[in-house]
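See below for the structure under consideration.
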Protein chains: 2
Amino acid sequence: MATKHVKEMEALKEHLGKHQLKLTRQRELILSAFLRQEHITAEAMYHQLAKSDPHLGLATIYRTLNLFCDAGLAQARHFGSQTKYDNVSHKGHHDHLICTGCEKIVEFENEEIERLQEEVATRHGFTIKTHRLELYGLCTRCRD
Amino acid sequence: MATKHVKEMEALKEHLGKHQLKLTRQRELILSAFLRQEHITAEAMYHQLAKSDPHLGLATIYRTLNLFCDAGLAQARHFGSQTKYDNVSHKGHHDHLICTGCEKIVEFENEEIERLQEEVATRHGFTIKTHRLELYGLCTRCRD
DNA sequence: ATTGAAATTGATAAACTGTCTCAAAATTAT
DNA sequence: ATAATTTTGAGACAGTTTATCAATTTCAAT
Ligand SMILES: [Mn+2]
Ligand SMILES: [Mn+2]
Ligand SMILES: [Zn+2]
Ligand SMILES: [Zn+2]
């Protein structure tokens with residue numbers, strides 16, 4: 001465990017240092033759980049961690065996942081009814097294909113689309129900071 | 001008022017007819033208000049209509065705007081914290097540029113992007129039903 | 001190692017948005 | 001007009017996330 005997720009841990013520590021925040025047992029725990037999962041919700045992580053740490057509060061998980069967003073490790077996504085926290089620390093930015101049949105999520109990047117987005121923005125005098133592209137449909141399996 | 005929004009009124013009536021729903025004073029009122037605004041929230045409309053119709057219930061507005069979505073006149077968007085109802089009756093499908101400085105929203109269409117989306121989906125075995133593309137950034141005015 | 005200021009936590013209350021309930025009212029077909 | 005059916009409005013309720021605050025933990029300075 002000391003060998004895994006070192007880079008992300010460093011990134012977190014750097015953010016903490018810059019904002020006079022502290023490194024706690026909970027933050028380490030939640031980071032480790034976060035990096036082990038994709039597109040996880042705060043509640044899902046709460047129940048998952050409750051098995052080994054029954055007293056970890058839900059509020060702490062929300063706070064910490066939001067902290068990861070501030071630190072640039074995570075990004076909040078609004079697919080279903082609950083916010084999903086997406087790991088963007090090792091992968092860079094990416095967008096999503098979402099199957100409305102089985103909830104499967106496929107990540108993709110397409111720099112041609114990204115380029116055209118810039119073009120559209122420029123044409124309207126905008127400077128893009130972020131964007132969100134989600135394609136909803138049916139995967140192969142669910143189409144049959 | 002009899003001359004305006006006739007087409008949308010017809011579309012609504014057609015949907016009502018097909019689903020044994022009734023045409024009420026509230027539905028006419030809310031349709032008219034809806035077509036007068038862009039990207040409006042249920043609450044904003046509630047307060048707006050309260051001036052002339054203090055007893056129009058918030059639930060009725062939510063129900064009716066959702067009805068418009070079913071009828072294909074409206075589309076729910078999730079920009080801010082509240083759902084915005086977007087008029088798609090006369091315009092067709094479109095995506096959005098959103099200024100995080102002044103909340104300005106610019107609509108755009110780009111069939112090249114749409115085509116590339118299809119391509120990405122196909123490559124992953126998906127059949128797209130809908131999609132959502134939102135570009136967040138600063139407009140000309142807010143950049144200075 | 002101890003101290004103490006500052007940040008964090010966990011439990012829970014509260015906020016917020018949207019839907020559900022249900023009796024009363026309105027609509028539409030007969 | 002009558003009656004069957006749908007709709008409405010008021011408020012209760014539900015789901016998700018944030019705020020509150022006393023107790024605990026961290027960490028920098030002794
Ligand atoms: Mn992702
Ligand atoms: Mn729009
Ligand atoms: Zn599927
Ligand atoms: Zn602006």
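What you see is a predicted model, and the numbers here were worked out from it, not measured in a lab. By convention in this document, chain letters (A, B, ...) are assigned in the order of the sequence lines, proteins followed by strands, and residues within each chain are numbered from 1.
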Quick test of your reading of the model: are B:Asp53 and B:Arg25 salt-bridged, counting only N-O distances below 4.0 Å?
yes

Rounded to whole angstroms, how far apart are NZ on B:Lys84 and C1' on C:dT17?
13 Å

Strictly distance-based, threshold 3.5 Å: is any side-chain N or O of A:Thr100 a donor or acceptor partner for the main-chain N or O of A:Gly137?
yes

When you check the phosphate oxygens OP1 and OP2 of C:dA26, does a side-chain N or O of B:Arg25 lie under 4.0 Å from one of them?
no

Does a side-chain N or O of A:Gln26 approach OP1 or OP2 of D:dT26 to a distance below 4.0 Å, or not?
no

State which of D:dT17, C:dA7, C:dA26 makes the closest approach to the side chain of A:Gln82.
D:dT17

Round to a whole Å and report the spacing from NZ of A:Lys13 to P of D:dT26.
14 Å

Can you measure B:Leu23 atom CG to C:dA25 atom C1' for me and round it to whole angstrom units?
16 Å

Does the distance from a Lys or Arg side-chain N to an Asp or Glu carboxylate O, for B:Lys18 and B:Asp70, drop under 4.0 Å?
no

How are the rings of A:His93 and A:His131 set to each other: parallel, tilted or perpendicular (split at 30° and 60°)?
perpendicular

Return yes if the base of D:dT25 and the side-chain atoms of A:Lys22 contain a donor-acceptor N/O pair under 3.5 Å, otherwise no.
no

Mind calculating the distance between CG (B:Leu29) and C1' (D:dT8) to the nearest angstrom?
13 Å

Rounded to whole Å, how long is the line connecting atom CG of B:Leu12 with atom C1' of C:dT27?
15 Å

Between A:Arg123 and A:Glu118, is there a side-chain N and carboxylate O pair less than 4.0 Å apart?
no

Give, ordered by number, those residues of residues 48-76 of chain A having at least one heavy-atom distance below 4.0 Å to an atom of DNA chain C; if nothing qualifies, reply none.
A:His55, A:Leu56, A:Gly57, A:Ala59, A:Thr60, A:Arg63

Atom NE2 of B:His15 and atom P of D:dT6 are separated, to the nearest Å, by 14 Å

Under 4.0 Å between a side-chain N/O of B:Ser81 and OP1 or OP2 of C:dC16, yes or no?
no

Any side-chain N or O of B:Gln20 below 4.0 angstrom from OP1/OP2 of D:dT6?
yes

It should be established whether A:Thr24 places a side-chain nitrogen or oxygen under 4.0 Å from OP1 or OP2 of nucleotide C:dA7.
no

Length of the CZ-C1' vector between A:Arg27 and D:dC27, whole Å:
13 Å

Identify whether the distance between the nearest side-chain nitrogen and carboxylate oxygen of B:Lys13 and B:Glu8 falls below 4.0 Å.
no

A:Tyr46 OH to D:dT18 C1', straight-line distance once rounded to whole Å:
16 Å

B:Phe79 and B:His96 aromatic centres sub-6.0 Å
yes

